[in-house]
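Taking it in order: structure first as structure tokens, then the write-up.
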Amino acid sequence: MRNQLPLIIVFATGLLVIVTFFIPHEPFGSLEQRFLVWYSIVAGFTMLLGLDSLVRYHLIKIRDRRSGWGYSLVLLSGLFVTLILGFYSWARYQSPFKLGSPFMYLYSYVIIPLQATMFALLAFFIASAAYRAFRARTTAATLLLVSAVLVMLGRVPLGGWLWQKIVSLIDLLPGTNLSGLKGLEVFARISDWIMDVPQTAAKRGIYIGIVLGGIAMSLRIILGIERSYTSGS
Amino acid sequence: MTKIFLVLLSLIAILQAQVPKILRVYDKPNDSGKAIIIEWRDEPDSTRSIVGYEIYRRAADEDSFYNIGFALPLSTSYEDASTTDNKDYYYYVKAVYRDTSFVSDLSLPVRSYAQWFHKRRLNVLVFAIIICGLVIWYTERAKKGEKLYVRRISGLDAIDDAVGRATEMGRPILFSFGLGVITDVVTIAALSILRKIARKSAEYQTKLIVPNYDPIVMAAAQETVKQAYLEAGRPDLYNENNLPFLTSDQFGYAAGVDGIMLRERPGAVFWQGYFFAESLILAETGHSIGAIQIAGTTAITQLPFFIAACDYTLIGEEMYAASCYLNPEPQMLGSLKGEDTAKMIITILFIVLVLFATLTKLIPSLNNLYLKIFDWFTAQ
């Protein structure tokens, strides 16, 4: 029964959510929303579980003087300072989110810059990953390189400038007059075509697979075939 | 006399043109009741500045009309979401200008009521029945002993090699669910992969680290790993502190996992779940420490980053197939086969409809039929 009960709950809930999708009449119409509210309440309480795990993990690290215990000290200090400032702002300004409160000061001048710093690192990581991905070692990699260069040229002003220069150079040849082609923005057109046709087709193919896979997986969960989320075998 | 008559006639015409005309008042379809939609047509006087439309309502048991809402200029409909079901209501619309206003005729009585079936979702129901029917049918066939073929998925085949490599190097294994929460189906799919990895790591006595973004996922991961260690006969190796909660902040999580990778230097890294912009930050850090990396996600926008930075990537549905692949029981394989057949049916449907849409350009009389089919397929 210990293993069966979660499966029965999942089956009943899954079936109910499917039914509510097709029946707008009350009490079914608002059931999905109600379940989401329940989930939010449970998720709120599980933050305490997360907090317990985090504090315990770092306290043990500090206690045992494991390598990098100093970082754990910084983390716990940050956690408790934020918590104290949050409560203080709440008591002093009626809301921790009031502009000018110490909590918001911490959020605006410490947390946001830290997040922005991490996000900014992405630019360098993109450059290093692109360098490896675009090495033309195989036909597929070469195709990727060519299409990436074309898309990039089509998305930046340099592409338009380059196209005008190419047309001007060809125009230097005797008997040619291609000045009308200057405004064509060929790189932008190629870029749009790559993004709209082959890229979208591939993306939609993957997306259809994901949706169907999701349905089959959900069905396996509802029918109790897929049990990896339970501790039982 | 004729001139005066003509002027009067044109004045009446102008005034009539300014009066909004109620076209339809009806119960809002496919809803849980308590809503009526009012549609009108108006040709506002271009010489005057229109402010908007006021909607007036009277219930059958009330004596006078009340203003129940306001619609902006150029609006042609209003949803009254404050009705009581099965009660007659009368409406009129007033076009309000800066200096004057014009009132429409009274509508016929109308009632709101709740529907028992969302007719615009009939298409979803039909496809859901077909797909579920296929999955159940193939599952039953598999249970009867029919052999079902599953193609090799290199990303899943490489799990054993990756765990073995980390063991040989004497380094731990790192597994991340990304920013997925337990309500994401992909997170549950990732749990089945984690179970396989945890079992192997227990057999090889290799440390498994699972930093978490969501506390509920953390609890599920702890249970999964504990069970896998138990199945491998090594419950003594299980350490809850190796599956800690980090933070529910996107870049805080990325920084935390990067820090763990740089300190612990895992030999094998698994990115399985739902990822956002942090995907490349994580995968590139994993690459910089020389770890073998196996990624899997259903986040289409992050797939190119994983393909560029990782050794193996499970693309979209391969994630969902993982549990069937790693645990090839007849029921699991049957559901996979059903899913593939559904995909084939949908592909055939695509081709037929694309050809039909092309045909409407050659035979315009088919256009109405095509639009009806197109409308039926458009889910609400």
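These numbers were taken from a predicted model, which means no experiment stands behind them. Protein chains get the first letters and strands the later ones, always in sequence-line order, with residue 1 at the start of each.
A heavy-atom distance below 4.5 Å is found between the side chains of B/Asn241 and A/Arg56. Inter-residue side-chain proximity for B/Asp258 and A/Met118 is flagged as met; some heavy-atom pair is nearer than 4.5 Å. A heavy-atom distance below 4.5 Å is not found between the side chains of A/Phe21 and B/Leu125. At a threshold of 4.5 Å between non-hydrogen side-chain atoms, the residues B/Glu317 and A/Leu212 do not count as touching. Inter-residue side-chain proximity for A/Arg132 and B/Glu284 is flagged as met; some heavy-atom pair is nearer than 4.5 Å. Within the 4.5 Å cutoff, the side chain of B/Val135 has no heavy atoms near those of the A/Leu223 side chain. Side-chain contact check for B/Phe251 versus A/Leu121: every heavy-atom pair is 4.5 Å or farther apart.
In A/Tyr207, the OH atom is not crowded: 12 or fewer heavy atoms of neighbouring residues, nucleotides or ligands sit closer than 6.0 Å. Residue-environment remark: CZ (B/Phe276) exceeds the threshold of 12 foreign heavy atoms within 6.0 Å. For A/Tyr105, the OH atom counts as loosely surrounded, since its 6.0 Å shell holds 12 or fewer non-hydrogen atoms of other residues, nucleotides or ligands. Within a 6.0 Å sphere centred on CZ of A/Arg135, other residues, nucleotides and ligands contribute more than 12 heavy atoms. For A/Phe119, the CZ atom sits in a loose shell: 12 or fewer heavy atoms of surrounding residues, nucleotides or ligands are nearer than 6.0 Å. No more than 12 heavy atoms of other residues, nucleotides or ligands shown are found within 6.0 angstrom of OH on A/Tyr71. For A/Glu26, the CD atom counts as densely surrounded, since its 6.0 Å shell holds more than 12 non-hydrogen atoms of other residues, nucleotides or ligands. More than 12 non-hydrogen atoms from other residues, nucleotides or ligands lie less than 6.0 angstrom from CZ of A/Phe134.
Closest non-hydrogen pair, B/Glu339 versus A/Gly209, comes out as OE2-O, 4.4 Å. Contact record, A/Pro24 with B/Ser32: O-CB, 2.9 Å, taken as the closest heavy-atom pair. Contact record, A/Gly213 with B/Tyr320: C-CD1, 3.4 Å, taken as the closest heavy-atom pair.
Summarising the geometry, atom CG belonging to B/Asp85 is positioned 7.5 Å from atom NE2 belonging to A/His25; distances are rounded to the nearest 0.5 Å. Rounding to the nearest 0.5 angstrom, the gap separating the OG atom in B/Ser323 from the CZ atom in A/Arg227 is 13.0 Å. The OG atom of B/Ser335 sits 13.0 Å away from the CD1 atom of A/Ile215 when rounded to the nearest 0.5 Å. Note: A/Met47 CE to B/Asp214 CG = 8.5 Å, rounded to the nearest 0.5 Å. Separation of atoms CG (A/Leu144) and CD1 (B/Ile307) is listed at 9.5 Å; rounding is to 0.5 Å.
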**Item:** Derivation and outcome, side chain to side chain contact (heavy atoms under 4.5 Å, CB included), residues B/Phe350 and A/Ile208
**Value:** CA-CA 11 Å; B/Phe350 276 152; A/Ile208 289 165; 3.1 Å; yes
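Among A/Ile221, A/Leu219, A/Ile18, the residue with the largest count of heavy-atom pairs under 4.5 Å with chain B is A/Leu219. Contact count versus chain A (heavy atoms, under 4.5 Å) is highest, among B/Leu243, B/Leu246, B/Ile216, for B/Ile216. Considering only heavy-atom pairs separated by less than 4.5 Å from chain B, the leading option among A/Ser218, A/Ala133, A/Ala216, A/Ala129 is A/Ala129. Put simply, of B/Met332, B/Glu318, B/Gln331, B/Lys343, the one with the most heavy-atom pairs under 4.5 Å next to chain A is B/Met332. When each of A/Val42, A/Thr46, A/Asp52, A/Val211 is scored by its heavy-atom pairs under 4.5 Å with chain B, the top score falls to A/Thr46. Among B/Thr347, B/Ile315, B/Asp249, the residue with the largest count of heavy-atom pairs under 4.5 Å with chain A is B/Asp249. Put simply, of B/Ser192, B/Gly252, B/Gly316, the one with the most heavy-atom pairs under 4.5 Å next to chain A is B/Ser192. Ranked by heavy-atom pairs under 4.5 Å with chain A, the first of B/Ala221, B/Ala220, B/Gly338, B/Cys132 is B/Cys132. Of the listed residues (A/His58, A/Lys203, A/Arg220), the greatest number of heavy-atom pairs within a distance under 4.5 Å of chain B belongs to A/Arg220.
Only the side chain of B/Thr139 comes within contact range of chain A, with heavy atoms under 4.5 Å apart. In this structure, the portions of A/Leu49 lying under 4.5 Å from any heavy atom of chain B include both its backbone and its side chain. Only the side chain of B/Ser248 comes within contact range of chain A, with at least one heavy atom under 4.5 Å from a heavy atom of that chain. With a 4.5 Å cut-off on non-hydrogen atoms, B/Ile193 does not touch chain A at all. Proximity to chain B (any heavy atom under 4.5 Å) is shown, for A/Ile126, by both the backbone and the side chain. In this structure, the portion of A/Tyr39 lying under 4.5 Å from any heavy atom of chain B is its side chain and not its backbone.
Using a 30° and 60° split on the angle between ring planes, B/Trp116 and A/Phe28 fall in the perpendicular class, above 60°.
Here the side chain of A/Ser53 pairs a donor or acceptor atom with the backbone of B/Phe245 at under 3.5 angstrom.
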